[in-house]
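Before any comments, here is the structure.
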Amino acid sequence: MTAVAAPLIEVSGLTKHYKVRTGRFGRGEAVVHALDDVSFDVLKGETLSVVGESGSGKSTLGLTLLQLRRATSGTVVFNGQNLGEVSDRALAPIRQRLQIVFQDPFSTLHPRMTVGEAIALPIRFHRLVEPSKVRERVLAILDDVGLPRRYENHYPHEMSGGQCQRVAIGRALACEPEFIVCDEAISALDVSVQAQIVNLLVDLQEKLGLTYLFIAHDISVVRHISNRVAVMYLGHMVELGPVDGVCERPLHPYTQALLSAVPRLGERFTGEEPIAGGEIPSPTAPPSGCRFHTRCPFATDRCTVELPVLREVKVGHRAACHYAERFL
Amino acid sequence: MNTMTIQDNKTLLDVRNLSIAIRSRKGSARVVDDVSFSVCKGETLGVVGESGCGKSITMLGLTGLLPNAASIASGSVDFEGHDLARMEEKELRNIRGGRIGFIFQDPMTSLNPVMTLGAQLAEPMMQHRGVSREVAYREAAKLLTMVGVSGGESRLSQYPHQLSGGMRQRVMIAMSIICQPSLLIADEPTTALDVTVQRQVAQLIKSLSVKLGLSVIWISHDLALVSQIAERIVVLYAGKIVEQGPVEDMYLRPRHPYTKALLASLPSVADHRAGRRLPAIKGALPDPRNRPPGCPFAPRCPDQIERCWQAMPEMTRFEKGHDAACFVAELKESAQ
């Protein structure tokens, strides 16, 4: 990757806290730290992947980026405009250029709308083509996402998960966006179909010059399609760097743990190896200092009190660990 | 050569020519078609396939848990000298939870949300083994420690919602081994879990299998995951077994094009293949109500020949214990 690409979206200090009721009859109140002081850029034309386990804040990141959830603090700047200051009404035309594809294609498609209607709706809403040309455009999009044109009149229940996901992608494309958030867009699909959808996304990116924020829990899928990878843990971004660097030379112990947990062909369990413990702690009561210190094999006293900042350890490769140099 | 595993005293479960049909308004569909496999004592068998291939319904069929619309059309299920396919519901009840333990994908829907863990763990012990409440609770605490739920005793008064997903699945595992079953059926037990927790659960089940001499059937869509714990693997496609064999043979020398395609489409963190495209299997699973007459994989198969569209290939032995149902693989083999 060359460093000349300009940022399309600049995120700085993005924080999102949710208040939840707790205790008996919801008398108590707790704050979920879904996103804590996250800063990064998304470069024009790149695929930036965000990986992390459930509760890491990766989905909240996608939603707050698009202002589908308003941030508690921090800014998201798109084309020189701070989206946090734009009213919902004024956001509509901007949203045309910022789209999202969700995990479950069945629940994001209207069950009583045909594929053709679902794709035509955003075209009509944003008045992207003349009313007489809408159908032509819909058919062109079906071609783009690799669905036969006769699917125009199909309903979601008549299609497989992979086909529905193609429609969801087509609906996002109908807006002629610059930026698409893929929120676990392939996680619900079978492996053989996953590969089809990944390839479709790659083709579309090359053809239309799209920028992707690709949210996934599976770091192995990310390896093939991203330029850069960000790793999230309990609302913090703990590592951000080029895909090869992060996957081959991870600089954060959490990334290392995540990578080593991926099932590999040829690795065998004997039933005698010690079972590693630990799970992601509750985001309502995150640990002090480094969020990962409760599970980190390298943690010291410093880690329990001092929160490490995401800093550049190698050119273009940032990590939030006091001892990241150790892993260079 | 047709394959038949030799019935010996090491075989715990022997499924022969099992077919399961589902009736619907649009007609009857054979979702499991002439499936035969066996599990030896202490062995872990991995069952791999995509959604809709019939892997879950096969397991439900083994133990009489089929939904109302489905029924066993033919075949036998020999387990410890009984044919489960012909057993009365009453007798089956003693086998399920007694001799055969189950773990399902989503621990939250399998656990009772309004019962404490202690009550849920103690009940089957009192039911199947007739022990007193106190003994049952004491053993429940021990079991929880065994599956890695810390603070055993204090956990007994907790409810499922107070636990994380990984902890809930551990409780499910504890529950499944309460009555010292000889067979554990785990249906996608880690699919709802994070990858770091998935590894812990896989290791836990493997260690229990070794420690207790437990046979395990592990159902998964993830060939890499299954290869970590299973000794043998069965690959299902559209209700049929297309290949089965020892785990190393399956990923080093796969014979069936579907197994090959599954392996190729596995994304890998380790080797960064050239280009950003993943090798995909074109098309989708055939509709079970309207399957092609020949090999069900023919429409998607890169190697298909004319014969594949006309007749279903038989299971053929390629190496010791390694069978596949593919005409093209047979031709290749005889050409060598």
Side-chain angles (χ1 to χ4, degrees), chain A residues 47 52-56 159-163 188-200 202-203 205-206 217-226 243-244 247-248 254 257-282 295, chain B residues 49-53 148 150 164-167 192-211 221-229 247-248 251-252 258 261-273 275-285 300:
Chain A
T47 300
E53 296 178 285
S54 46
S56 64
M159 298 187 295
S160 69
Q163 289 168 335
L189 306 174
D190 278 316
V191 266
S192 69
V193 182
Q194 263 187 12
Q196 292 173 6
I197 300 296
V198 164
N199 294 346
L200 172 66
V202 171
D203 289 341
Q205 181 171 45
E206 285 172 6
H217 64 273
D218 183 351
I219 198 166
S220 51
V221 170
V222 159
R223 177 83 211 248
H224 292 269
I225 55 160
S226 339
V243 64
D244 289 340
C247 291
E248 276 158 31
Y254 176 62
L258 207 55
L259 282 163
S260 68
V262 174
R264 270 177 295 268
L265 283 173
E267 185 195 30
R268 302 271 299 148
F269 294 152
T270 58
E272 327 250 285
E273 59 274 294
I275 299 173
E279 281 180 47
I280 194 162
S282 163
R295 298 169 72 186
Chain B
E50 297 179 280
S51 46
C53 74
S150 53
S164 68
M167 282 298 155
L193 305 176
D194 283 319
V195 57
T196 53
V197 182
Q198 163 173 286
R199 189 179 172 87
Q200 296 163 14
V201 169
Q203 288 177 329
L204 171 66
I205 292 182
K206 187 71 195 176
S207 84
L208 289 174
S209 144
V210 170
K211 226 182 279 171
H221 62 276
D222 186 343
L223 226 149
L225 174 67
V226 164
S227 77
Q228 291 181 310
I229 55 163
V247 60
E248 271 105 15
Y251 66 79
L252 294 177
Y258 178 62
L262 266 187
L263 282 164
S265 61
L266 277 180
S268 151
V269 260
D271 79 296
H272 191 24
R273 280 163 281 194
R276 297 166 69 206
R277 278 172 193 77
L278 286 168
I281 310 175
K282 63 175 188 202
L285 275 168
R300 302 175 76 185

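Side-chain contact between B:Val195 and A:Ile219: absent, with no pair of heavy atoms (C-beta onward) separated by less than 4.5 Å. For the pair B:Gln198 and A:Pro263, the minimum side-chain heavy-atom distance is below 4.5 Å.
Counting all heavy atoms, side chain and backbone alike, B:Tyr251 lies closest to A:Gly266 at OH-CA, 3.0 Å. Between A:Ala257 and B:Thr196, the shortest heavy-atom contact is O-CG2, 4.1 Å. The minimum heavy-atom distance between B:Val210 and A:Thr270, with the atom names listed, is CG2-O, 3.4 Å. Contact record, B:Val197 with A:Glu53: N-OE2, 4.4 Å, taken as the closest heavy-atom pair. The minimum heavy-atom distance between B:Ser207 and A:Gly271, with the atom names listed, is CB-O, 3.0 Å. Nearest approach of A:Leu265 to B:Ala224, heavy atoms of both residues: CD2-CA, 3.9 Å.
For the atom pair CG (B:Leu193) and NE2 (A:His217), the distance works out to 10.5 Å, reported to the nearest 0.5 Å. Note that CG of A:Leu189 is 10.5 Å distant from CD of B:Glu50, once rounded to the nearest 0.5 Å. Expressed to the nearest 0.5 Å, how far CD1 of B:Ile229 lies from CD of A:Glu267 amounts to 12.0 Å. With rounding to the nearest 0.5 angstrom, the NZ atom of B:Lys206 is 10.0 Å from the CD atom of A:Glu272. For the atom pair CG of B:Leu204 and CZ of A:Phe269, the computed distance is 11.5 Å after rounding to the nearest 0.5 Å.
Only the side chain of A:Glu273 comes within contact range of chain B, judged by heavy atoms closer than 4.5 Å. Heavy atoms of B:Ser51 lying under 4.5 Å from chain A belong to its backbone as well as its side chain.
The backbone N or O of B:Ser227 sits less than 3.5 Å from a side-chain atom of A:Arg268, completing a donor-acceptor pair.
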